[in-house]
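Down below is the structure, laid out as structure tokens.
Start at 1 with the first residue, then count along the sequence.
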Amino acid sequence: MDQVSALDSIAAEASRGELAFPTSVNATLTLQRALGEPDCHIDAAARLVQAEPLLAARTVAIANSVAYNRSGNDVTNVRAAVQRVGFRTLGALAASVIVRQLASEIRDPGLRHKADQLWAHSAHVAALSQVIARRVSFVDPETALFAGIVHEVGGFYLLSRAEALPGLLDDNLDAWLDHGEAAIGRGVLHKLGVPAPVMSAIEALWDGMRALPPETLGDTLLLANDLSPLPSPLFAPPGATTHAAAATIDFVFGEGTLKGVLEESGEEVKSLTSALL
């Protein structure tokens, strides 16, 4: 099967909701839904998180990051971490575990390397989205963090299918953009129950249309994507954004500049990115 046919086949499956997820993803999806129940309290949430070691470790790490630990007092248990970060951030962290689990069964070293690169890119975009939302665009920072975490979920699903479909990852950017990115990404996002505002923001990223200074969640996500020091490894076109090129993006807003905000928030972005990795 050639690349275009393979992409069309996966896109058709995704549009019908016929997605082949690892068992671990389905289990974490169940956990995520339980955490989202309105009657789920701190103690119940902590027990649920403790049942998933990766989520437990990531929750404590995020709670102790500069973004959430303003006082400098580290927490050492899951319950205190859940209380500090809140349920919305906890939902985003559950999504980060799901995204990583999509590639958990990849055995090919080259594909695993791409998956690791893609997650590093996603972590940078998520951290930058949260800071830009809070300091520049003034959209909800927790939603921006979540959008950054899941914005490449279609790519992770593609990588999870690549071993069984030789030729799927041929270096053809146009094929991915025309036959895969939106259709596959939209299907996986629907399966994960991603809220409509986040879907719209990721659609804006696919369209590549944004305003400067950023005004919407979509603008915020696209700017964070452009600023990421690590581009997506999937079908990156020649001249894909590098950290050097991203450093030239600047604008004035209010009484400050984007560059000034990023310099002031550098430790926060670094700490948040590290906690997600």
Side-chain angles (χ1 to χ4, degrees), residues 62 65-70 85-86 88-89 91-93 95-96 118-155 177 181-182 185-186 189 194-232 234 236-237 239-276:
I62 288 288
S65 71
V66 174
Y68 290 89
N69 185 15
R70 306 287 180 183
V85 303
R88 295 183 63 211
T89 299
L93 296 178
S96 76
L118 190 59
W119 180 245
H121 164 75
S122 298
H124 278 91
V125 172
L128 285 164
S129 294
Q130 202 248 29
V131 167
I132 292 168
R134 186 166 47 79
R135 298 285 305 275
V136 183
S137 60
F138 306 111
V139 299
D140 181 67
E142 305 315 315
T143 302
L145 176 73
F146 178 71
I149 284 171
V150 301
H151 81 284
E152 287 281 8
V153 71
L177 295 178
E181 184 178 39
R186 196 178 293 115
L189 290 166
V194 170
V198 175
M199 286 283 295
S200 297
I202 296 172
E203 295 272 3
L205 177 67
W206 294 332
D207 292 338
M209 300 292 290
R210 62 162 156 78
L212 289 178
E215 300 172 353
T216 67
L217 180 60
D219 296 337
T220 300
L221 182 60
L222 187 49
L223 178 59
N225 189 68
D226 287 346
L227 289 168
S228 171
L230 298 174
S232 166
L234 291 179
T241 301
T242 64
H243 191 42
T248 65
I249 301 174
D250 196 19
F251 51 80
V252 176
F253 67 98
E255 297 180 358
T257 65
L258 175 66
K259 188 170 292 186
V261 165
L262 293 178
E263 288 173 354
E264 292 170 10
S265 306
E267 189 59 34
E268 186 176 328
V269 171
K270 180 181 177 182
S271 176
L272 193 53
T273 301
S274 297
L276 287 169

note = Residues at least two apart in sequence or cross-chain that pass side-chain contact (heavy atoms from CB on, under 4.5 Å) with Thr257, listed by chain then number, are Asp250, Val252, Lys259
query = Any luck finding a side-chain donor-acceptor pair between Asp219 and Thr216 under 3.5 Å?
reply = yes
When you compare the side chain of [Y] with that of [X], does any pair of heavy atoms fall below 4.5 Å?
X: Leu217; Y: Ser200; value: no
X: Ile132; Y: Leu227; value: yes
X: Glu152; Y: Val125; value: no
X: Val153; Y: Ile202; value: no
X: Tyr68; Y: Ser271; value: no

Please find the pair of heavy atoms, one from [X] and one from [Y], that lie closest to each other, and give the distance.
X: Pro214; Y: Ser137; value: O-CB, 3.4 Å
X: Ala126; Y: Leu276; value: CB-CD1, 3.9 Å
X: Val269; Y: Ala127; value: O-CB, 3.8 Å
X: Ala133; Y: Pro141; value: CB-CA, 3.8 Å
X: Ser129; Y: Leu221; value: OG-CD1, 3.8 Å
X: Leu258; Y: Phe253; value: N-CE2, 3.7 Å

For the atom pair [atom1] ([X]) and [atom2] ([Y]), what is the distance rounded to the nearest 0.5 Å?
X: Thr143; Y: Gln130; atom1: OG1; atom2: CD; answer: 10.5 Å
X: Ser65; Y: Ile62; atom1: OG; atom2: CD1; answer: 5.0 Å
X: Leu262; Y: Glu268; atom1: CG; atom2: CD; answer: 11.0 Å
X: Ser274; Y: His124; atom1: OG; atom2: NE2; answer: 7.5 Å
X: Leu205; Y: Thr220; atom1: CG; atom2: OG1; answer: 11.5 Å
X: Thr273; Y: Leu128; atom1: OG1; atom2: CG; answer: 6.5 Å

task = Examine distances only and state if a side-chain atom of Trp119 and a backbone atom of Ser96 form a donor-acceptor pair shorter than 3.5 Å.
result =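 No, Trp119 side chain to Ser96 backbone: no donor-acceptor pair under 3.5 Å.
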ask   = Can you tell me if Ser265 uses its side chain to pair, donor with acceptor, with the backbone of Val261 under 3.5 Å?
value =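 Pair found, side chain donor or acceptor close to backbone of Val261.
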request  = Quick one: which residue pairs count as a ring-ring contact (aromatic ring centres under 6.0 Å, His included) with a foot in residues 132-155, not counting sequence neighbours?
outcome  = His121-His151
message = By the definition side-chain contact (heavy atoms from CB on, under 4.5 Å), identify the one residue from Leu145, Val131, Val66 that meets it with Leu272.
response = Leu145
task = Apply the test side chain to side chain contact (heavy atoms under 4.5 Å, CB included) to residues Ser232 and Leu118: give CA-CA distance (whole Å), side-chain angles for both, the deciding distance (0.1 Å), then the verdict.
result = CA-CA 6 Å; Ser232 166; Leu118 190 59; 3.4 Å; yes
